[in-house]
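To start, the structure itself, in structure tokens.
Since the model is a prediction, treat every value here as computed from it, not as a measurement.
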Amino acid sequence: MLKTKWEFITTMSLLVVLMTGRLAYAADDFFWSDVEPILNCYESRDGSAAEMGIVVDDKRVSQAIPSCEDAKKNRVVVLLNGKYLNTVAGTGADPFIENGRSMIPLRALADGFGFEVNWDQSDKKIILNKNDKSILMQVGKSEMLVDGEKVNLENAVPMVKNGVTFLPVRQLAEILDVKVDWNNTTRTAKFTEK
């Protein structure tokens with residue numbers, strides 16, 4: 001018998017994913033699926049946030065769980081060619097908004113758009129290659145090189161948060177001639193390859 005609301009939610013989420021049976025790709029902290037991600041939140045009687053303990057690498061880690069109201073306000077849903085980006089709770093890989101720009105984990109972005117990724121740890125440089133396009137970015141820098149030409153990123157720069165590298169996705173999508181739509185009501189960033 002399930003003891004807590006979180007066990008029930010986790011079990012139901014797993015069942016939904018298993019029943020769809022159409023996962024496009026799975027990694028340690030994300031996967032692409034036909035199923036829209038479930039809101040990760042906690043609804044207490046007073047509406048406050050809570051903590052949950054999870055086990056990572058055989059160590060118990062406390063994970064802050066936002067109130068459902070806060071989670072709804074801050075949630076970003078990513079839809080790429082009809083597949084939703086689902087992140088694993090506790091990995092820190094949830095998409096977010098930074099200065100009006102959608103920030104998506106590098107690994108998920110590379111997988112979704114089909115980039116080959118090279119990472120230079122010493123300079124924190126990211127090199128993305130796809131077909132005839134080469135994009136060079138650096139964590140914390142607003143300038144990137146696209147096929148050797150300088151392009152400035154608008155309002156957000158590549159960053160590391162919770163040990164995960166995030167990239168502002170809109171300009172990268174437009175460079176690749178991917179159609180970009182934002183629905184403010186559902187907070188959904190939709191990307192469709194032409």
Passes side chain to side chain contact (heavy atoms under 4.5 Å, CB included), Leu172 versus Ile135? Steps please. CA-CA 9 Å; Leu172 291 174; Ile135 301 169; 3.8 Å; yes

Distance in Å, Phe191 CZ paired with Glu174 CD, rounded so as to fall on 0.5 Å steps: 9.0 Å

Side chain to side chain contact (heavy atoms under 4.5 Å, CB included) between Lys141 and Leu153: does it pass, once the steps are laid out? CA-CA 8 Å; Lys141 304 286 183 175; Leu153 290 166; over 6 Å; no

Atom of Val76, atom of Ser102 and distance for their closest heavy-atom approach: CG1-OG, 4.4 Å

Is there a donor-acceptor contact under 3.5 Å from the side chain of Asn86 to the main chain of Tyr84? yes

Linking I/L/V/M/F/W/Y whenever their side-chain heavy atoms sit closer than 4.5 Å, directly or via other members, would Val78 and Phe166 fall into one cluster? no

Got a salt bridge between Lys179 and Asp181, using NZ or NE/NH1/NH2 to carboxylate O under 4.0 Å? yes

Short question: side chain of Asn99, backbone of Asn155 - any donor-acceptor pair under 3.5 Å? yes

State whether Phe96 and Lys161 meet the cation-pi test: NZ (Lys) or CZ (Arg) under 6.0 Å from the six-membered ring centroid, and within 45° of the perpendicular axis. yes

Given the options Val180, Val77, Leu79, Lys190 meets side chain to side chain contact (heavy atoms under 4.5 Å, CB included) only with Leu79

OG of Ser33 to NZ of Lys83: how many Å apart, nearest 0.5 Å? 7.0 Å

Quick one: does Glu143's side chain have a donor or acceptor within less than 3.5 Å of a partner on Val151's backbone? no

Ignoring hydrogens and angles, state whether a donor on the side chain of Asp111 or Trp32 is under 3.5 Å from an acceptor on the partner side chain. yes

Distance only, no hydrogens: is a donor on one side chain within 3.5 Å (strictly under) of an acceptor on the other, for Ser134 and Asn129? yes

For Leu167 and Ile104, run side chain to side chain contact (heavy atoms under 4.5 Å, CB included): C-alpha distance rounded to whole Å, both residues' side-chain angles, the deciding distance at 0.1 Å, then the answer. CA-CA 6 Å; Leu167 302 179; Ile104 298 179; over 6 Å; no

Cluster check Leu106, Val160: I/L/V/M/F/W/Y, side chain < 4.5 angstrom: yes

Once you round to the nearest 0.5 Å, how far does OG1 of Thr91 lie from CG of Asp29? 5.0 Å

Lys72 side chain reached by Leu39 side chain, heavy atoms, under 4.5 Å: yes

Would you give the length of the straight line joining atom CG of Leu109 to atom CZ of Arg107, rounded to the nearest 0.5 angstrom? 12.5 Å

Out of curiosity, does Ile175 fall in the hydrophobic cluster containing Met137 (side-chain heavy atoms, cut-off under 4.5 Å, transitive links)? yes

Are the side chain of Gln171 and the backbone N or O of Asn152 linked by a donor-acceptor pair below 3.5 Å? yes

Does a donor on one side chain and an acceptor on the other come within less than 3.5 Å for Thr87 and Asp94? yes

Asp123 side chain to Lys125 backbone, donor-acceptor under 3.5 Å: no

Quick one: pull up CD1 in Ile127 and CZ in Phe115 and give me the separation to the nearest 0.5 Å. 13.0 Å

Between Asn118 and Ile126, is there a donor-acceptor pair closer than 3.5 Å when you use the side chain of the first and the backbone of the second? no

Taking a hydrophobic cluster as the set of Ile, Leu, Val, Met, Phe, Trp and Tyr residues connected by side-chain heavy atoms closer than 4.5 Å, whether directly or through intermediates, do Val164 and Phe113 fall within one such cluster? no

Does the side chain to side chain contact (heavy atoms under 4.5 Å, CB included) test come out yes or no for Val139 and Trp119, once each step is laid out? CA-CA 11 Å; Val139 171; Trp119 170 257; 3.8 Å; yes

Kindly say whether Lys133 contributes a backbone atom to a donor-acceptor pair with the side chain of Asn131 at under 3.5 angstrom? no

Keeping Arg187 on the side-chain end and Arg75 on the backbone end, is there a donor-acceptor pair under 3.5 Å? yes

Any donor-acceptor N/O pair, Asn81 side chain to Glu193 backbone, under 3.5 Å: yes

Among the clusters formed by ILVMFWY side chains lying less than 4.5 Å apart, do Leu145 and Val169 turn up in the same one? no

Should the pair Glu116-Lys130 be classified as a salt bridge under the 4.0 Å nitrogen-to-oxygen rule? no

Heavy-atom closest contact (Ala93 atom, Pro105 atom, distance): O-CG, 3.0 Å

Side chains of Leu128 and Val117 in contact at under 4.5 Å (non-hydrogen atoms): yes

